[in-house]
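Below you'll find the structure, written out as structure tokens, and then a few comments.
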Amino acid sequence: MPLLQFQGTALALSTDGLGAVSQKLGVHAPEIWTVLAVETSGCGYLPDLRPQILYERHIFHRLTQGQYDDGDISDPTPGGYGPSGAHQYDRLALAIAKDRTAALQSCSWGIGQIMGENYALAGFTDVEQMVAAMSQSEDQQLAAMGNFLVSSRLNGPLQAHDWASFARGYNGANYAINRYDIRLNGEFQKYSVSGLPDLNVRAAQLYLTYLNFHPGSIDGVAGTHTLSALADFQSQRGLANTSTIDADVVAQLSTALADSASMQTAA
């Protein structure tokens with residue numbers, strides 16, 4: 001089966017990646033997870049290894065001066081999103097057929113949902129370079145978010161836990177409609193008093209999902225669904241069952257993904 005457009009290695013967030021962005025922003029892990037939980041439910045990829053996106057028709061309208069307005073993929077008003085996930089790529093494909101660059105710039109991308117039109121603020125020379133990075137790893141997605149926050153001077157409100165100012169800069173003037181500031185404060189309080197996601201568990205959940213097992217939410221918590229999916233994977237591969245998810249388990253899953261990718265390429 002040929003690779004889908006925008007499929008890449010889709011690697012899970014690592015300790016090094018999280019640490020680098022935390023240091024860049026001058027914050028700790030709870031602040032990072034707060035933003036990720038509100039923007040993308042904490043995961044940068046779809047089960048088919050493509051980055052999470054949201055297509056914004058009003059951005060496409062503005063970038064193309066309304067020449068493709070149809071009330072669907074181009075319109076002066078936001079909306080018409082339809083379901084999340086793969087459907088957003090269907091909308092993107094229709095826009096690409098009109099104007100590829102404007103279409104890519106009209107999507108928010110990855111774990112931090114950075115708008116393609118903000119590629120320069122996110123540290124890229126053009127939107128194609130940004131999209132390529134978004135397809136490779138959550139570390140690169142998070143680094144782009146960190147660059148954007150610093151370029152936009154939003155690291156200060158994040159450090160100060162000034163959620164209204166942060167939401168205004170990150171989500172726009174209408175942030176209050178979707179209660180972004182309230183949601184950010186709620187997630188921060190949660191992460192401040194409870195455990196943070198375990199990155200090995202989270203990587204395992206993501207890779208199990210890619211391999212068509214069903215670990216449940218990508219939340220870094222080794223619950224019954226995750227352990228059941230891992231047991232199914234290990235049994236299928238003839239591996240000893242383990243009840244602890246560590247770097248060795250992530251390595252097993254990475255090997256299985258590499259094998260799957262080789263088979264797809266050969267086909």
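Note that this is a predicted model, so its numbers are computed, not measured.
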| When the ring planes of Trp163 and Phe166 are compared, do they come out parallel, tilted or perpendicular, using 30° and 60° as the limits? | perpendicular
| So do the side chains of Asn185 and Gln189 get within less than 4.5 Å of each other, counting heavy atoms only? | yes
| message | Under 3.5 Å, is there a donor on one side chain and an acceptor on the other for Asn118 and Gln105? | response | no
| field | Cationic N near anionic O, under 4.0 Å, Arg237 to Asp232 | value | no
| task | For the residue pair Glu187 and Thr34, confirm or rule out a side-chain donor-acceptor distance under 3.5 Å. | result | no
| message | Suppose we screen for side chain to side chain contact (heavy atoms under 4.5 Å, CB included). Which residues come up paired with Thr125, at least two apart in sequence or across chains? | response | Gln129
| said: Could you check whether Ser14 and Asp139, counting side-chain N and O atoms only, form a donor-acceptor pair closer than 3.5 Å? | reply: yes
| message | Holding to salt bridge (charged side-chain N to carboxylate O under 4.0 Å, His left out), I want the full list of residues that pass it with Asp75, two or more places apart in sequence or in another chain. | response | Arg57
| said: Salt bridge check, Glu56 against Arg91: does any charged N sit closer than 4.0 Å to a carboxylate O? | reply: no
| message | In the structure I gave you, are the side-chain heavy atoms of Leu18 and Trp33 within less than 4.5 Å of one another anywhere? | response | yes
| Mutual orientation of the aromatic rings belonging to Tyr210 and Tyr45 [parallel < 30°, tilted 30-60°, perpendicular > 60°] | perpendicular
| message | Please evaluate residues Glu39 and Asn171 with respect to the criterion side-chain hydrogen bond (donor to acceptor under 3.5 Å, both in side chains), reporting the C-alpha separation (whole Å), side-chain torsions for both, the decisive distance (0.1 Å), and the verdict. | response | CA-CA 9 Å; Glu39 293 300 328; Asn171 299 105; 3.0 Å; yes
| In chain order, what residues pass the side chain to side chain contact (heavy atoms under 4.5 Å, CB included) check against Thr226, with sequence neighbours excluded? | Gln205, Pro215, Ile245
| said: Is there a side chain to side chain contact (heavy atoms under 4.5 Å, CB included) between His58 and Ser106? Walk through the geometry before answering. | reply: CA-CA 8 Å; His58 65 291; Ser106 300; over 6 Å; no
| said: I'd like to know if the side chain of Gln234 pairs up with that of Gln252 as donor and acceptor (distance under 3.5 Å, no hydrogens or angles considered). | reply: yes
| request: Please determine if Arg50 forms a cation-pi arrangement with Tyr89, meaning its NZ or CZ atom is less than 6.0 Å from the six-membered ring centre and no more than 45° off the ring axis. | output: yes
